[in-house]
Amino acid sequence: MDNSAIAAVFEELAELLEFRGENPFRIRAYQNGARAIRDLDEPISEIAADSDRDLAELSGIGKTLAEKIGVLLSTGSLPQLIELRQAVPEVVIAMARIPGLGAKKAAKLHDELNIKSLDDLAAACREGKVAAIKGFGKKTESSILDGLAIAKAASERIYWAAADKIVAELSEHMRGCDGISQMQWAGSYRRCRETVGDLDLLAVANDRAAAMDHLEAYPGRASTIARGDTKISIRVAKSFQVDMRLVDADQFGAALQYFTGSQAHNIHVRRIAKERGLKINEYGVFKIEDDTRIAGATEEDVYASIGLPVFAPELREDRHEFEWAQKNELPELVELDQIQGDLHMHTSATDGQNTIREMADAAIERGLKYIAITDHSQRVTVAGGLTAERLLEQWKIIDEVRPEYEDRLTIFKGIECDILEAGGMDLPDDVLAQADWVLASVHFGQKQPRDQITDRILGAIENPHVDCIAHPTGRLINRRDPYAVDMDAVMKAAKEHGKFLELNANPARLDLNDIHLAAAKRLKIPIVVNTDAHNIDGLDVMRFGILQARRGGLTAGDIANTLDLKDFLKLRKRLGQ
DNA sequence: GCCGTTTTCGGCCCGACTGTTTTCAGTCG
């Protein structure tokens with residue numbers, strides 16, 4: 001079992017224990033354990049196998065969880081989980097996912113009304129049976145019916161890039177409101193997570209009601225969920241929720257820190273504050289002894305008041321940031337303008353829309369100094385993948401084009417060569433040997449078992465002509481799971497053979513993810529952030545890749561295409577490419 | 001269940017909101 005599978009077991013255990021009315025701190029211990037394992041950038045099986053190390057040394061893992069991890073690693077399952085699953089009906093879990101219902105209310109409904117499905121629940125609400133139960137009322141009943149209707153649409157997290165579009169439009173709209181002096185988006189959007197569940201806007205306004213009226217006048221508003229004195233929630237397209245909170249100017253920093261999260265980061269911050277005799281909430285930082293307020297207007301003074309630096313929002317997940325801060329080793333995260341090259345893009349020769357010259361011109365406009373043209377290979381028939389002959393023709397064209405770009409842009413003769421289902425590369429070695437840059441990627445046989453697909457990718461890494469593995473896990477966020485590939489084996493092989501791994505910047509891919517990136521950084525495997533552009537606009541997704549890289553804690557030094565051409569070529573030579 | 005410069009017990013981040021109550025439990029972030 002890999003880290004995420006073990007983490008999933010503990011998450012499920014925590015959820016099931018909640019339905020059993022367990023001690024909330026015990027439940028949180030399982031949740032914390034799950035998060036610690038999920039965020040780990042090395043395989044927990046290796047720590048377990050290492051006689052010099054002890055699982056219980058991991059923060060959040062104690063004696064009990066360490067034992068359970070041992071059982072999971074050796075048997076693949078946990079008797080406690082199987083028992084709990086039998087004890088908690090699935091419909092109770094489904095009910096608890098309805099907004100407003102939690103574990104306790106769901107369990108009560110199930111027990112008292114013999115609910116067997118969500119349809120049963122809807123019927124019970126319509127018949128007024130729910131309101132008749134002690135602790136429930138008419139409002140709960142109708143909110144359950146509303147919740148059932150929107151639960152599915154509202155539960156979908158959207159791509160960060162999609163949230164960013166909504167943010168841009170709403171920001172523009174809200175700038176038209178005169179009385180707003182400060183405004184900032186918080187939450188997972190600000191932390192640049194790959195997906196965003198809702199949006200949180202903080203604002204300082206001299207007339208709060210007017211600011212709320214202005215938000216309600218947003219043309220994209222579908223409905224208003226709630227409106228109070230300090231907070232308003234609306235829905236925009238596809239049930240996506242947007243909250244706006246109005247705060248005083250001297251509380252803005254505390255509110256921004258609080259609503260940016262993550263929850264785990266905030267818990268850690270408050271624990272540190274408490275150790276120093278301070279209390280921190282969304283209104284400010286206070287001395288516990290006499291409730292004196294000592295900070296709150298800016299995030300800087302909030303963090304400074306408890307002796308911490310302002311963390312980049314991308315790092316606020318309670319992974320390594322506090323440890324780094326303590327050692328004064330917070331990474332200087334990579335910035336978009338440090339990118340000098342883009343080594344994955346397509347042209348109209350296959351499934352792209354623009355010519356080599358058009359892509360080259362667009363790359364120059366975006367400040368790039370080198371690019372690789374990497375069309376698909378022949379196996380990808382739907383994309384009109386290139387045969388060896390057509391590829392050699394394309395390279396001739398690149399030879400012709402190159403003089404026009406001398407001193408401005410270097411164009412590599414590249415290929416995105418498929419790794420075949422049976423293993424091996426889609427183009428002969430003598431052709432690949434003539435390329436400046438070879439990406440290897442899987443497009444077919446994605447559902448192969450772990451060993452098989454891992455062996456295919458390892459085979460590509462061992463091929464001396466391959467330089468980089470593109471979108472290494474193949475996942476499409478919300479749409480397709482990653483291959484069953486053993487990423488740890490892939491990383492070790494990449495390290496051993498001096499190969500790059502790609503961070504594909506397409507907002508639906510963002511592949512590698514942040515945890516993989518942290519692992520690659522630890523192993524000193526050079527990353528290249530590529531757009532995989534299929535037209536000139538596609539080059540603009542680079543910024544999404546940079547945000548993902550930042551979440552992985554990557555600096556410019558961890559990313560090969562921040563190097564200028566000379567140093568990039570030197571690095572390749574050093575790697576033996 | 002985890003954890004420790006107040007270490008093997010007794011804490012565990014903190015507050016808002018809601019609905020249903022009449023002082024609070026449950027839910028949420």
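Letters A, B, ... mirror the listed sequences (proteins, then strands); counts begin at 1.
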Peer 1: Which one, dG1(B), dC13(B), dT27(B), comes nearest to the side chain of K105(A)?
Peer 2: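 Nearest listed nucleotide: dT27(B).
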Peer 1: Within the structure, does a side-chain N or O atom of R270(A) lie under 4.0 Å from either OP1 or OP2 of dC13(B)?
Peer 2: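 Result: no.
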Peer 1: Compare side-chain N and O positions of K63(A) against OP1 and OP2 of dC3(B) and report whether any pair is under 4.0 Å apart.
Peer 2: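 Checking dC3(B) against K63(A), no side-chain N or O comes under 4.0 Å of OP1 or OP2.
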Peer 1: Would one find a side-chain N or O of K274(A) under 4.0 angstrom from OP1 or OP2 of dC14(B)?
Peer 2: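 Yes, such a contact exists.
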Peer 1: For the side chain of Y283(A) and the base of dG15(B), is some donor closer than 3.5 Å to an acceptor across the two?
Peer 2: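 It does not, because no donor-acceptor pair links the side chain of Y283(A) to the base of dG15(B) below 3.5 Å.
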Peer 1: Report all interatomic pairs (protein N or O, nucleotide N or O of nucleotides 7-10 of chain B) with separations under 3.5 Å.
Peer 2:
none

Peer 1: Roughly how many Å is it from CG in D243(A) to C1' in dC17(B), rounded to a whole number?
Peer 2: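 It is 12 Å, rounded to the nearest whole Å.
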Peer 1: May I ask you to say what A103(A) touches in the nucleic acid, namely base, sugar-phosphate or nothing, with a heavy-atom cut-off under 4.0 Å?
Peer 2: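 Since only primed, P, OP1 and OP2 atoms lie under 4.0 Å of A103(A), the category is sugar-phosphate.
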Peer 1: On a whole-Å scale, what distance lies between the P atoms belonging to dG1(B) and dT6(B)?
Peer 2: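 Nearest-Å result for dG1(B) against dT6(B) at atom P: 27 Å.
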Peer 1: Is any side-chain N of the basic residue among E18(A) and R26(A) closer than 4.0 Å to the acidic one's carboxylate O?
Peer 2: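 No, no charged N to carboxylate O under 4.0 Å.
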Peer 1: For a quick test of your reading: what N or O donor-acceptor pairs under 3.5 Å do the side chains of residues 201-209 of chain A make, sequence neighbours left out?
Peer 2:
unit_1  : atom_1 : unit_2  : atom_2 : d
D207(A) : OD1    : A209(A) : N      : 3.2
D207(A) : OD1    : A210(A) : N      : 3.1
R208(A) : NH2    : D248(A) : OD1    : 2.9

Peer 1: Taking dC12(B) as the reference, what is the distance to dT7(B) when you measure between their C1' atoms (whole Å, please)?
Peer 2: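 Between the two C1' atoms, the distance is 15 Å.
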Peer 1: Quick one: label N23(A) by what it contacts on the DNA or RNA (base, sugar-phosphate, nothing), any heavy atom closer than 4.0 Å.
Peer 2: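 Contact class for N23(A): base.
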Peer 1: Checking side-chain polar atoms at under 3.5 Å, does D164(A) have a donor or acceptor matched by the opposite partner on Y159(A)?
Peer 2: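 The criterion, which ignores hydrogens and geometry beyond distance, is not satisfied for Y159(A) and D164(A).
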Peer 1: Without decimals, in angstroms, what is the distance between R35(A) CZ and dG1(B) P?
Peer 2: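 After rounding, the reported distance stands at 19 Å.
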Peer 1: Given the P atoms of dG10(B) and dT20(B), what is the spacing between them in whole Å?
Peer 2: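 The answer is 39 Å between these two P atoms.
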Peer 1: Would you call R270(A) and E275(A) a salt bridge, taking side-chain N to carboxylate O under 4.0 Å as the test?
Peer 2: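 Salt bridge between R270(A) and E275(A), a charged N being under 4.0 Å from a carboxylate O: no.
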Peer 1: Charged N to carboxylate O below 4.0 Å: is that the case for D511(A) and R475(A)?
Peer 2: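 So D511(A) does not pair with R475(A) through a salt bridge.
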Peer 1: Classify the side-chain pair E194(A)/Q548(A) by whether it contains a donor and acceptor separated by less than 3.5 Å.
Peer 2: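 Side chains of E194(A) and Q548(A): pair found under 3.5 Å.
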Peer 1: From the list dA16(B), dC2(B), dG29(B), which nucleotide is the closest neighbour of the side chain of Y258(A)?
Peer 2: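 Of the candidates, dG29(B) comes closest.
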Peer 1: Both R271(A) and Y30(A) contact DNA chain B. Which one's nearest nucleotide lies toward the 5' end?
Peer 2: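 Result: Y30(A).
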Peer 1: For L101(A), which contact category applies under a 4.0 Å heavy-atom criterion: base, sugar-phosphate, or nothing?
Peer 2: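 The residue L101(A) makes sugar-phosphate contact but no base contact.
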Peer 1: What is the distance, rounded to the nearest whole Å, between atom NE2 of H268(A) and atom P of dC2(B)?
Peer 2: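 About 18 Å, once rounded to whole Å.
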Peer 1: Given that both distances must come in under 3.5 Å, which nucleotide forms a Watson-Crick or G-U wobble pair with dG11(B)?
Peer 2: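 dC2(B) - that is the nucleotide pairing with dG11(B), both distances being under 3.5 Å.
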Peer 1: With R191(A) as reference, evaluate E317(A), E314(A), H265(A) under the side chain to side chain donor-acceptor pair (under 3.5 Å) test and give the passing residue.
Peer 2: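 Passing option: E317(A).
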Peer 1: Expressed as a whole number of Å, how far does the C1' atom of dT21(B) sit from that of dC2(B)?
Peer 2: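 Those two atoms are separated by 36 Å.
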Peer 1: Does the side chain of T555(A) pick up a donor-acceptor pair with the side chain of E332(A) at under 3.5 Å?
Peer 2: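 No - no donor-acceptor pair under 3.5 Å links their side chains.
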Peer 1: Assess the side chains of D119(A) and S117(A): does a donor N or O sit below 3.5 Å from an acceptor N or O?
Peer 2: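 Side-chain D/A pair, D119(A) to S117(A): absent.
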Peer 1: Which part of the nucleic acid, if any, lies within reach of K231(A) when heavy atoms closer than 4.0 Å are counted: base, sugar-phosphate only, or nothing?
Peer 2: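 Answer is nothing: K231(A) stays at 4.0 Å or more from every strand.
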Peer 1: Tell me: OH of Y189(A) to P of dG29(B), nearest whole Å?
Peer 2: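 Computing the Y189(A):OH to dG29(B):P distance gives 20 Å.
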Peer 1: Would you mind telling me which residue lines up with the more 5' stretch of DNA chain B, R28(A) or K68(A), judged by nearest nucleotide?
Peer 2: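 With R28(A) and K68(A) compared, the 5'-side residue is K68(A).
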Peer 1: Give me the distance, rounded to whole Å, that separates dG11(B) from dC28(B) when you measure between the P atoms they each carry.
Peer 2: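 So the two P atoms sit 28 Å from each other.
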Peer 1: What nucleotide among dC2(B), dG26(B), dC13(B) has an atom nearest to a side-chain atom of Q263(A)?
Peer 2: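 Selected nucleotide: dC13(B).
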Peer 1: When rounded to the nearest Å, what value does the distance between P atoms of dT22(B) and dC17(B) take?
Peer 2: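 Looking at atom P only, dT22(B) and dC17(B) are 23 Å apart.
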Peer 1: Under 4.0 angstrom, heavy atoms only, what part of the nucleic acid is G60(A) near: base, sugar-phosphate, or nothing?
Peer 2: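 Sugar-phosphate contact only.
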Peer 1: Within this structure, what is the CZ-to-P distance between R227(A) and dA16(B), rounded to whole angstrom?
Peer 2: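 About 21 Å, once rounded to whole Å.
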Peer 1: Taking dC14(B) as the reference, what is the distance to dT23(B) when you measure between their P atoms (whole Å, please)?
Peer 2: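 Here dT23(B) and dC14(B) have their P atoms 27 Å from each other.
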Peer 1: Strictly below 4.0 Å, N to O, side chains only: are D488(A) and K492(A) in salt-bridge contact?
Peer 2: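 Yes, D488(A) and K492(A) are salt-bridged.
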Peer 1: Measure from CD1 on I27(A) to P on dC12(B) and round the result to the nearest Å.
Peer 2: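 Rounded to whole Å, this separation is 17 Å.
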Peer 1: Under 4.0 Å, heavy atoms only, any strand: does L58(A) hit a base, just the sugar-phosphate, or nothing?
Peer 2: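 Result for L58(A) = sugar-phosphate.
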Peer 1: Aromatic ring centroids of F311(A) and F322(A) under 6.0 Å?
Peer 2: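 Here the rings of F322(A) and F311(A) have centres that are less than 6.0 Å from each other.
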Peer 1: Roughly how many Å apart are dC3(B) and dG19(B), using the C1' atom of each and rounding to a whole number?
Peer 2: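 Their C1' atoms lie roughly 37 Å apart.
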Peer 1: Please determine, for the side chain of T230(A), which listed nucleotide (dC17(B), dC12(B), dC14(B)) has the closest atom?
Peer 2: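 Of all the options, the side chain of T230(A) is nearest to dC17(B).
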Peer 1: Give me the atom names and distance for the closest heavy-atom approach of I559(A) to A549(A).
Peer 2: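 Of all heavy-atom pairs spanning I559(A) and A549(A), the closest is CD1-CB, 3.9 Å.
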Peer 1: Nearest whole Å is fine: how far is dT18(B) C1' from I144(A) CD1?
Peer 2: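 Taking atom C1' of dT18(B) as the reference, CD1 of I144(A) is at 13 Å.
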Peer 1: Look at R550(A) together with D514(A) and state whether they make a salt bridge at an N to O cut-off of under 4.0 Å.
Peer 2: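 Not counted as a salt bridge, because no side-chain N and carboxylate O are separated by less than 4.0 Å.
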Peer 1: Can you tell me how far C1' of dG1(B) sits from CZ of F25(A), to the nearest Å?
Peer 2: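 Distance check: F25(A) CZ to dG1(B) C1' gives 11 Å.
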Peer 1: Can you tell which of dT27(B), dC2(B), dC12(B) lies closest to the side chain of L65(A)?
Peer 2: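 Nucleotide nearest to L65(A)'s side chain: dC2(B).
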Peer 1: Over all strands shown, is N266(A) touching base, sugar-phosphate only, or nothing at heavy-atom distances under 4.0 angstrom?
Peer 2: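 Nothing: the residue N266(A), judged by heavy atoms under 4.0 Å, touches no strand.
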Peer 1: Where along nucleotides 20-25 of chain B does protein come under 4.0 Å, by heavy atom, of base (B) or sugar-phosphate alone (S), with - for untouched nucleotides?
Peer 2: SS----
Peer 1: Across the strands shown, which category fits S143(A) at heavy-atom distances under 4.0 angstrom: base, sugar-phosphate, nothing?
Peer 2: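 Since no nucleic acid heavy atom lies under 4.0 Å of S143(A), the category is nothing.
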